[in-house]
Colleague: 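I'd like to ask you about the structure that follows.
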There are 2 protein chains.
Amino acid sequence: MTHAQLRPPTMADVARLAGVSHQTVSRVLGDHPNVRDETRVRVLRVIEETGYRRNSSARALVTRRTRTLGVVASDTTLHGPASTLFALEEAARAEGYLVSTVTLRKLSMETLSEALDHLSEGGVEGVVAIAPQRSAVAALAELRCPFPVVVMGSGPGVEIPSVSVDQHLGARLATGHLLAAGHRNVWHLAGPEDWQEAADRAAGWKATLEAAGVEPPMLLRGDWSPLSGYRAGQELAGWVGRGLTAVFVANDQMALGVLRALREAGVRTPQDVAVVGFDDIPESEFFAPPLTTVRQDFSTVGRRGIEILLELIEGRPPATARRVAIEPQLVVRTSTFPHAVQWEGEPL
Amino acid sequence: MTHAQLRPPTMADVARLAGVSHQTVSRVLGDHPNVRDETRVRVLRVIEETGYRRNSSARALVTRRTRTLGVVASDTTLHGPASTLFALEEAARAEGYLVSTVTLRKLSMETLSEALDHLSEGGVEGVVAIAPQRSAVAALAELRCPFPVVVMGSGPGVEIPSVSVDQHLGARLATGHLLAAGHRNVWHLAGPEDWQEAADRAAGWKATLEAAGVEPPMLLRGDWSPLSGYRAGQELAGWVGRGLTAVFVANDQMALGVLRALREAGVRTPQDVAVVGFDDIPESEFFAPPLTTVRQDFSTVGRRGIEILLELIEGRPPATARRVAIEPQLVVRTSTFPHAVQWEGEPL
DNA sequence: CCGTGATTTGTTAGCGCTCACAATTACCTC
DNA sequence: GAGGTAATTGTGAGCGCTAACAAATCACGG
C-alpha cells in the first residue's frame, strides 16, 4: 500500500543502475531478441529492485498507441448490457487493451457526444457503443469521431459496423414454440418503441403469426421494467377466456411482472396462460413458475465486437462480416410446459 | 464515422493556421485568462475547422496526470457490483476522470495482481477495488501499488481505506423485523464464508437473536445464486412444523430460490414461513410473494469511494473518515407481512 | 512622447520513451 | 591474426504537449 510520493524511477535511472544505456532497458522490456542474457538478467534485477514501471504516457506518445478502448453504455445494471460489458472487457484485455467505460443515464445526441468527447480526451483508440435505442445509433452515425466505432445491438439500416443477437429469430423461436404447443394465438408485450431489439422481437412475433395464418392480436408495450410488466399483466388478465392463452413477453423482467399480475388475478400459468420471456436472466429459472425464455449469448457478442473493432483500429482486413448476428436459443421451462421440471433445450 | 488515417493535426498545426504560437493555442485550450478575445476566437475557429484534439498522452506526459482511475471488480453482472460500478463511474466522470475497469472471473492473489498490473500499465492514478471477499482484501493489502487503493465493501481489520454498507445493521433490521412480527426464532441462509458481507450479515443476525435471548438455529450456506437458495430452501422446508417460521436470506437471489423451494413443498409464504432477503434488486417487488428485503444505497457508496480516492490522489486532507459505513434500509413487502397487499391468510 | 506597469504573446527546455541508425564487440573461417 | 559477418550496445532525435521565462505590445498619466 505504500506509494512513493517522490518521482518514480525512469528508464534512465534503471539504465544507470544497471550500467547500460536506456535503450537496452527498453529492449529488455520490449522482449527484443538481441540482448545478451547476462545483460537482460542484470537489467531485470534492477527493475525488480527499483519497482520500475514504464511510463505509459511517454510510451503512448511515441508509439501513438494507447491500447485503450472505450465503451459507451446505458442501463448497465440490466442483465444484457452488464453481460455484454463484461464480455467486452474480457475480450479486450485478452488482446492487451484496457477498457474505459462511460455509463449514461439516458442516451441522447448530447450525452452521447459528451461521452465520446470524454473518451476521446482519454485517448481511446476506438469505441464500442452498447446502444440498443435506434435514436442513439442514429445519433452515433451523425457524430464524427476520430476513431472507429462499433455498435452492439443495432439493427439494420445504419452503416456502422455492428454485432447483435438475432432478435427476429429469437422471437420466432418463442412464438413458434407457443404455436407448436397448440395455442391458437399468441399475444405480445413489447419493449419501448425506440429500442431496435423491441422492434425486432415484435416483428419476429408478427411474422410467425402471419406465417401461421393467424391475425396478430393487440400489441402491448412496456418499458422493460417488472412494474410495466405487472401493469400489462393486469390488462392481459382481462382477456383470459376471450382467446388469450399464450403471451410472448419481450424480456424476463417484464415477464416476472406479468406472472405476478396473472397470479393475483387467479390465472394459472401455464394451465390457463403460457408465458415466454426473453434474456434468460439468472433468476428466470426460479420464477413462479420457472420461465421459458430465449437465451442470448452476450459473451460471443462481446468477443465479436472487440474483434471487429480491433480489425478497424489495426487496419487489418476484415476476417468476417462487419454486421454480425448471433443466434439465440430457446430454453423451455414450466411457464409453457407444465411437465418440464427443470429442463433446458429442445423445443416441443 | 470518418476517421482520418493520416496523422491528426497537432497544436503546432493549429498555431500555424491561426498565426499564433503553439503556446497561445495551449493557453486558449487551458482557459488561461491572458488571451485577447480576438485571438481566442481565431484559435477556436481553427480548432473547430481542423477538428483538432489535444493529444492526451503528450499532456499526461508533461503534467504527470492521466486523470484516469481504475476499478477492479468481479461478478459485475450481479446487482450490487453493477450498481456500485455505475455509481463509481458517474462520480469519477463528474470530477473529470476516466474510469478503466478490469473484471475478474475470480479474485485471487494472482488475478488481482495481474489486474493491478494491467491498470498500472494503463497509467491509472488510483484504483477502487470492489472486493467483497476477505481473501481479496487481504491480497490487496499485501500487494504493493504505486498508487492509492480504496476498497468497496471490505470489513474491519484491514488498514486500506474502505467504504461499505453497514451489513451488520442491515441484518439487525431484517432479523429484528421478523422478531417484532412475533416469530420466536429466525433461521439464516448465509452467503459464502469468504465474503465479508456474508459474515457481517450472519453476525448481525446472530447478535439480534442473542440480544433477544434466543438460541440461533443452524446456519445454512449458499453461494448467492438462486440455485443454492433453492437447495437450501428444500432443506428448510423439512423444518417447517418443527419450529421454523421465519428465514432471513442473505441476498434476494437466494431468497428467490428459497421461495420456489418452499412453494414446491407446499409451504406458504408468509403464512407458514416468512422470508426476508437482502439487496432489493428490481425484481424483488415482483417475486411470489413480493419480497421484504434490505436496500443498499450503492450510489452513495460509489460517490464516497471516489471522494476518498481523489483525496488520496490529490493529496487533499481527508474531509471525512477513511472508513465509511452507509446505512441500509428495510423494505417491507408481502413475504413477511401478509397485509402489505392482497395476500389472504391469517396474520402471524 | 516617454516611462512605467500590466497585459498579451513567443521562445526554450524538457516530460520519458521508442525508433533509426551508428558504433562496438563477439564469433567465425581461412 | 586478418577479414568478414552477426550479435549486441549506444547515440541522437523527436513524439506533442506544458511550464517557466523572455519579449513584445498596450494603456495612460505626466
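Everything quoted here is computed from the prediction, not taken from an experiment. Every chain is numbered from 1, with letters handed out A, B, ... down the list of sequences.
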Colleague: Thinking salt bridges, do A:Arg105 and B:Glu90 make one under a 4.0 Å N-O criterion?
Modeller: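 Looking at B:Glu90 together with A:Arg105, the answer is yes, because their closest N to O distance falls below 4.0 Å.
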Colleague: Hey, which sits more toward the 5' end of DNA chain C by its nearest nucleotide, A:Arg27 or A:His22?
Modeller: A:His22
Colleague: Check A:Glu125 with A:Arg67, please: is the shortest side-chain N to carboxylate O separation under 4.0 Å?
Modeller: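 Looking at A:Glu125 together with A:Arg67, the answer is no, because their closest N to O distance does not fall below 4.0 Å.
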Colleague: Let me know the distance between CG of A:Asn55 and P of D:dC17, rounded to the nearest Å.
Modeller: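 For the pair A:Asn55 CG and D:dC17 P, the rounded distance is 16 Å.
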Colleague: Between residues 34-48 of chain B and DNA chain C, which residues have a heavy-atom gap below 4.0 Å?
Modeller: B:Asn34, B:Val35, B:Arg36, B:Thr39
Colleague: Rounded to whole Å, please give me the gap between NE2 in A:His32 and P in D:dT9.
Modeller: 11 Å
Colleague: Please figure out whether B:Leu61 or A:Ser21 has its closest DNA chain D nucleotide nearer the 5' end.
Modeller: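 Looking at the nearest nucleotide for each, A:Ser21 comes out on the 5' side.
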Colleague: Using whole Å, report how far CZ of B:Arg7 lies from P of D:dC15.
Modeller: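 Result: 7 Å.
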Colleague: Main chain of A:Thr103, side chain of B:Glu89: is a donor-acceptor contact present, judged purely on distance under 3.5 Å?
Modeller: yes
Colleague: Short question: side chain of B:Ser83, backbone of B:His79 - any donor-acceptor pair under 3.5 Å?
Modeller: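 Checking the backbone N and O of B:His79 against the side chain of B:Ser83, a donor-acceptor pair under 3.5 Å is found.
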Colleague: Of the nucleotides D:dA20, D:dT9, D:dC17, which has the atom closest to the B:Gln23 side chain?
Modeller: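 The answer is D:dA20, which lies nearest to the side chain.
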Colleague: Given side chains that start at C-beta, do those of B:Val14 and B:Met11 come closer than 4.5 Å, heavy atoms only?
Modeller: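 With C-beta onward as the side chain, the pair stays apart.
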Colleague: Look at the side chain of B:Asp297 and the backbone N and O of B:Ile326, then say whether any donor-acceptor pair between them is shorter than 3.5 Å.
Modeller: no
Colleague: Using the C1' atoms of the five pairs at each end, what is the angle between the end axes of the helix from C:dC1-D:dG30 to C:dC30-D:dG1, to 10°?
Modeller: 40°
Colleague: Just checking A:Arg54: base, sugar-phosphate only, or nothing, at a heavy-atom cut-off of under 4.0 Å?
Modeller: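 The answer is sugar-phosphate, as A:Arg54 gets under 4.0 Å only of primed atoms, P, OP1 or OP2.
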Colleague: Under the criterion side-chain hydrogen bond (donor to acceptor under 3.5 Å, both in side chains), I'd like the reasoning laid out for A:Ser100 against B:Ser100: C-alpha separation, chi angles, the key distance, then a yes or no.
Modeller: CA-CA 4 Å; A:Ser100 292; B:Ser100 292; 2.8 Å; yes
Colleague: Applying a 4.0 Å non-hydrogen cut-off, can you work out what A:Arg64 is touching in the nucleic acid: base, sugar-phosphate, or nothing?
Modeller: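 Sugar-phosphate contact only - A:Arg64 comes under 4.0 Å of backbone atoms but never of a base.
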Colleague: What is the distance from CZ of B:Arg65 to C1' of D:dA19, rounded to the nearest Å?
Modeller: 16 Å
Colleague: Can you give me the first and the last nucleotide of DNA chain C (5' to 3') that has an atom within less than 4.0 angstrom of a non-hydrogen atom in chain B?
Modeller: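 The protein-touched segment is C:dT8 to C:dG16.
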Colleague: Please check this pair: side chain of B:Arg144 against backbone of A:Gly51, looking for a donor-acceptor N/O pair closer than 3.5 Å.
Modeller: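 Judged by distance alone, no pair lies under 3.5 Å.
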Colleague: Test your reading of the model: is there a side-chain donor-acceptor pair from B:Arg42 to the backbone of B:Ala18, 3.5 Å cut-off?
Modeller: yes
Colleague: Would you say that A:Leu140 contacts A:Leu116 through its side chain, given a criterion of any heavy-atom pair below 4.5 Å between the two side chains?
Modeller: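 They are in side-chain contact.
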Colleague: Are any non-hydrogen side-chain atoms of B:Leu310 and B:Arg316 less than 4.5 angstrom apart?
Modeller: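 The answer is yes; the side chains approach within 4.5 Å.
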